[in-house]
Amino acid sequence: MNSDRLPLENNGCGGEYHKNKVKSIWILVLLGLVLAAAVLLSLWAGSYDTPVTELLRGIVNQANDPKINVVVQNVRLPRICTAVIAGAGLGVVGCVLQSILDNPLASASTLGVSQGASFGAAFAIIGLNAGAQNGGGLWISLAAFAGSMGVAAVILGLSRFSQITPESIVLAGVAISSMFTGATTLLQYFADEVELTTLTFWTFGNLGSAGWGQIRFMLLVVLLSSVYSIFHRWDFNALLAGTETAASLGIHVRRMILINMVLCCLTASAIVSHVGLINFIGLVAPHIVRRLVGNNHVYLIPGTILAGASLLLLGDLLARTVVSPVILPTGAVTSFLGAPLFLYLLFKRRKGVC
Amino acid sequence: MLRVKDLKFHYQGGQQVLKEINFKLEDGKFLSVLGNNGAGKSTMLKCFNRIIDPEAGSISLDGEEICRMPMREAAKRMAFVAQTIPNTQMTVHDMVMLGRKPYMQWGFTENDHRIVHEAMERLGLTEMRGRFLNELSGGERQKVMLARALAQKPKLLLLDEPTSSLDLKNQYQVLQTVRDICHETGIAAIMVIHDLNLALRFCDRFLLMRDGAVFRYGDAHVIDREAIWQIYGVQGETADVRGQKIVMVD
């Protein structure tokens with residue numbers, strides 16, 4: 001055989017690796033600073049005008065004015081914590097689903113989780129009349145959680161009968177979403193005006209209704225899914241090289257998809273059942289971070305957690321302040337602003353980025 | 001040494017795709033698997049790669065049964081280069097680093113970085129390690145995937161039509177690199193390929209498959225007029241051009 005060698009070509013940019021790595025780390029730091037700034041701004045903004053130092057003291061219940069302690073501890077801090085935790089959770093769910101389903105449009109609603117939660121809430125409000133009872137909010141949250149976890153059970157059940165592929169999950173999600181939307185509409189058909197109004201307000205999304213117990217539960221679930229995703233960051237990177245290559249790297253691709261899907265359903269259910277429908281955070285946050293740091297999940301996952309938290313917090317800040325003292329529904333604001341942002345990213349993105 | 005013994009496979013409710021495949025491949029040899037579409041070439045590769053489990057038979061590498069090994073352990077012994085080349089915004093360095101995934105605990109070690117550096121150097125990628133994959137040509141990206149496979153430190157390299165989307169120059173560069181790797185490091189390689197002349201130019205062994213069974217196995221002599229007719233159903237001739245065997249189809 002002829003052994004003549006053809007020259008291998010190089011393009012001379014080795015220093016770029018270090019530059020990219022440092023840039024990615026700086027972007028994560030910057031996202032962290034944006035989140036910190038958003039937290040401070042959210043703490044400060046509101047109808048009760050107070051100096052920042054007093055507000056910071058209020059966090060540890062040490063403000064000179066006892067009213068500030070009450071405002072911070074009972075109103076602003078729970079709302080900020082809810083926004084940060086829910087935003088981070090929706091972000092990580094979007095990032096993981098987009099990766100495992102190889103679909104840039106994937107988010108919690110792709111699997112039908114949001115629609116399942118809506119059905120659960122509708123059942124509690126209309127079927128059990130939870131809106132008119134004391135402690136009915138808890139029943140609505142529980143029913144929404146059960147509804148969205150029901151979606152996970154249906155998808156897992158279906159996967160037992162046939163080979164689970166990203167395409168089949170997306171299609172199953174579309175079918176299940178349609179089914180739950182139809183079921184919710186049927187329930188609404190039999191509802192009275194009060195029940196319809198309660199359900200409509202629930203679907204708007206509200207960050208102010210969660211108590212510390214619910215916040216702790218959301219934090220636990222979001223922490224679980226975030227830590228799991230960060231621990232398996234290189235598994236998601238392997239999927240970028242294709243499912244066959246991922247399998248050749250020792251990854252049980254099918255098992256990985258199933259575990260992540262269950263975790264995503266659980267996380268999204270925990271969030272949606274407590275804060276209502278918050279759209280576009282899970283879709284947009286991973287796309288923004290992807291544009292900044294690329295597809296490497298080592299940076300993408302923590303970046304999405306920070307960006308999701310910041311986006312929801314800023315969206316909520318806008319909802320609280322734009323026509324103050326009226327508080328707009330956060331879910332509506334994130335959808336209203338998220339859609340143009342998504343379109344901007346879609347048309348400005350560089351080839352092959354997403 | 002790779003030993004494949006009585007390997008059989010059929011899809012659920014389907015016909016037999018692999019029928020008692022038997023062959024041995026010595027270390028450092030580059031084998032091409034040839035045959036028409038549907039002959040069972042890619043299915044055989046999937047059995048090696050643990051994507052599907054064979055119905056019967058065994059695949060052993062240096063006496064270790066691959067099919068009964070945990071996937072992570074198998075990934076330390078075999079690496080796979082797919083036909084489709086990823087086009088993603090991930091740096092060359094990070095993609096090659098992926099080859100150390102089977103060895104990874106929480107993070108990568110100094111040893112992992114050293115092996116990745118060696119693999120990039122072997123493929124001439126060191127200078128472009130900071131560039132994103134979606135900024136590279138198809139040939140460069142396939143070299144990145146080869147470097148990623150080398151970083152796995154495999155004993156066996158599996159390649160599924162690795163040159164199908166490359167231009168002529170890159171086809172030669174990639175296959176030449178694989179052949180050099182085999183000869184210099186002792187890694188055995190199995191490649192599914194359609195181009196007989198490329199196979200003859202770079203491979204040491206040839207496995208001709210027909211209807212899920214081995215038609216012939218051996219060195220370049222197994223490819224002759226009769227084999228071309230039996231495998232591909234076309235009339236062809238072999239010729240010797242400057243010491244290189246080539247196939248011409250009538």
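Just so we're on the same page: letters track the sequence lines, and every chain starts at 1. Because the structure is predicted, anything quoted here is derived from the model rather than measured.
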B:Asp224 atom CG, over 12 foreign heavy atoms within 6.0 Å: yes
Measure B:Ile51 against the heavy atoms of chain A and call it side chain, backbone, both or neither at under 4.5 Å. side chain
When only pairs under 4.5 Å are counted, which of A:Ala238, A:Gly242, A:Ala247, A:Ser248 shares the most heavy-atom pairs with chain B? A:Ser248
What I want to find out is whether B:Arg179 reaches B:Asp204 closely enough, with some N-O distance under 4.0 Å, to be called a salt bridge. no
Got more than 12 heavy atoms from elsewhere within 6.0 Å of NZ, B:Lys245? yes
For B:Lys46, is it the side chain, the backbone, both or neither that has a heavy atom under 4.5 Å from a heavy atom of chain A? side chain
Please determine whether a side-chain nitrogen of the Lys or Arg among B:Glu118 and B:Arg122 lies less than 4.0 Å from a carboxylate oxygen of the Asp or Glu. no
Using heavy-atom distances under 4.5 Å, tell me whether A:Asn20 contacts chain B through its side chain, its backbone, both, or neither. side chain
Examine whether an atom of B:Phe108 lies under 4.5 Å from a heavy atom of chain A, and if so say whether it belongs to the side chain, the backbone or both; otherwise answer neither. side chain
Look at atom NE2 of B:His221 and say whether more than 12 heavy atoms of other residues, nucleotides or ligands are closer to it than 6.0 Å. no
Answer key: most heavy-atom pairs under 4.5 Å with chain B among A:His252, A:Glu244, A:Lys19 is A:Glu244
Check whether B:Met145 gets within reach of chain A through its side chain, its backbone, both or neither, counting any heavy atom under 4.5 Å. side chain
Would you call B:Glu73-B:Lys76 a salt bridge at under 4.0 Å N-O? yes
Between A:Ile251 and chain B, with a heavy-atom cut-off of 4.5 Å, which part of the residue counts as in contact: side chain, backbone, both or neither? both
Check each atom of B:Arg148 against the heavy atoms of chain A and say whether the ones under 4.5 Å are side chain, backbone, both or neither. side chain
Only one of B:Ile187, B:Asp180, B:Ile181 passes side-chain contact (heavy atoms from CB on, under 4.5 Å) with B:Glu184; say which it is. B:Asp180
